[in-house]
Trainee: 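Sending over a structure as structure tokens; questions will come in a sec.
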Amino acid sequence: MNLLEMKNIYKSFNGMLVLKDVSLMVEAGEVHALLGENGGAGKSTLMNILTGVYQRDKGTVVFDGKNYNTMTIAESEKIGIAFVHQELNLFNDLKYTRIFF
Ligand SMILES: Nc1ncnc2c1ncn2[C@@H]1O[C@H](COP(=O)(O)OP(=O)(O)OP(=O)(O)O)[C@@H](O)[C@H]1O
Ligand SMILES: [Mg+2]
């Protein structure tokens with residue numbers, strides 16, 4: 001059974017179609033990689049819809065059997081969805097030589 005179902009998602013920005021009929025199904029415990037070309041495939045847009053940062057134009061989002069078509073950031077946090085945003089300087093105050101991991 002799918003824990004997450006994003007079905008037939010559409011999203012445009014200023015008339016530019018970025019997500020066209022995109023679906024993503026994830027079962028509990030699965031690990032997925034979302035692959036697409038740099039600078040425009042729509043990976044971040046899809047995750048921003050899942051986390052309530054953007055609203056989808058069309059399509060359905062179901063998590064744990066519940067409908068979240070108009071997900072808010074607060075709702076996504078509440079149900080345990082976490083998103084590490086793409087940011088090259090996560091540790092602005094650290095020098096490269098001091099990062100150990
Ligand atoms: N808030 C926004 N306003 C206008 N256009 C946007 C916005 N967010 C994303 N886009 C556009 O949507 C398209 C997809 O961008 P997105 O960031 O989702 O791609 P990506 O697959 O995550 O790319 P990258 O590999 O660079 O992270 C791009 O053309 C981008 O310019
Ligand atoms: Mg991205």
Side-chain angles (χ1 to χ4, degrees):
M1 195 194 137
N2 292 319
L3 179 63
L4 171 68
E5 294 190 346
M6 299 183 82
K7 283 190 183 165
N8 313 111
I9 303 292
Y10 284 75
K11 179 70 183 175
S12 296
F13 292 107
N14 311 312
M16 186 181 75
L17 186 59
V18 170
L19 297 179
K20 181 185 174 190
D21 205 19
V22 173
S23 297
L24 172 70
M25 314 292 168
V26 180
E27 290 187 24
E30 284 186 337
V31 176
H32 288 252
L34 192 56
L35 302 181
E37 70 177 341
N38 287 118
K43 307 177 294 291
S44 293
T45 300
L46 189 68
M47 292 303 100
N48 277 319
I49 289 170
L50 178 61
T51 53
V53 178
Y54 298 149
Q55 296 302 314
R56 93 256 179 280
D57 294 337
K58 268 203 299 189
T60 56
V61 179
V62 173
F63 187 86
D64 207 10
K66 204 175 159 209
N67 214 296
Y68 288 96
N69 288 338
T70 52
M71 180 82 84
T72 64
I73 294 172
E75 268 175 342
S76 78
E77 283 178 352
K78 205 167 151 195
I79 61 177
I81 295 174
F83 183 17
V84 179
H85 289 267
Q86 189 170 336
E87 172 56 68
L88 298 179
N89 291 308
L90 283 175
F91 304 101
N92 283 326
D93 56 340
L94 293 181
K95 288 212 175 0
Y96 177 75
T97 51
R98 281 197 263 151
I99 301 173
F100 302 106
F101 57 81

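All ligand and atom numbering here is 1-based and tracks the order in the structure. If you're wondering where the values come from, they're calculated on a predicted model, not measured in any experiment. Only heavy atoms go into these numbers, but all of them, side chains included; no hydrogens, no water, no symmetry mates.
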Trainee: Search all heavy atoms of H32 against all heavy atoms of M25 and return the closest pair with its distance.
Mentor: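 The answer is CE1-O, 3.5 Å.
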
Trainee: Applying a heavy-atom distance cut-off of 4.0 Å, which protein residues contact ligand 1?
Mentor: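 These residues qualify: F13, M16, V18, E37, N38, G39, G40, A41, G42, K43, S44, T45, Y54, Q86.
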
Trainee: Got a sec: is M47 within less than 2.8 Å of the Mg ion (ligand 2) via an N/O/S atom?
Mentor: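 So M47 does not count as coordinating the Mg ion (ligand 2).
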
Trainee: Could you pull out all residues at least two apart from Y54 that satisfy ring-ring contact (aromatic ring centres under 6.0 Å, His included)?
Mentor: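 With neighbours one apart ignored, the set is F13.
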
Trainee: Closest approach of K7 and S23, non-hydrogen atoms and distance?
Mentor: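 The answer is CA-OG, 3.5 Å.
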
Trainee: To the closest 0.5 Å, what do you measure between CG (L50) and CG (L34)?
Mentor: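 Taking CG in L50 and CG in L34, the distance rounds to 10.5 Å.
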
Trainee: Check which hydrophobic residues are tied to L17 through side-chain heavy-atom contacts below 4.5 Å, counting indirect links as well, and list them.
Mentor: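 Via sub-4.5 Å side-chain contacts, L17 links to Y10.
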
Trainee: I need the full list of side chain to side chain donor-acceptor pair (under 3.5 Å) pairs touching residues 63-81, with sequence neighbours left out, sorted by first then second residue.
Mentor: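 Non-adjacent pairs meeting side chain to side chain donor-acceptor pair (under 3.5 Å): N67-N69.
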
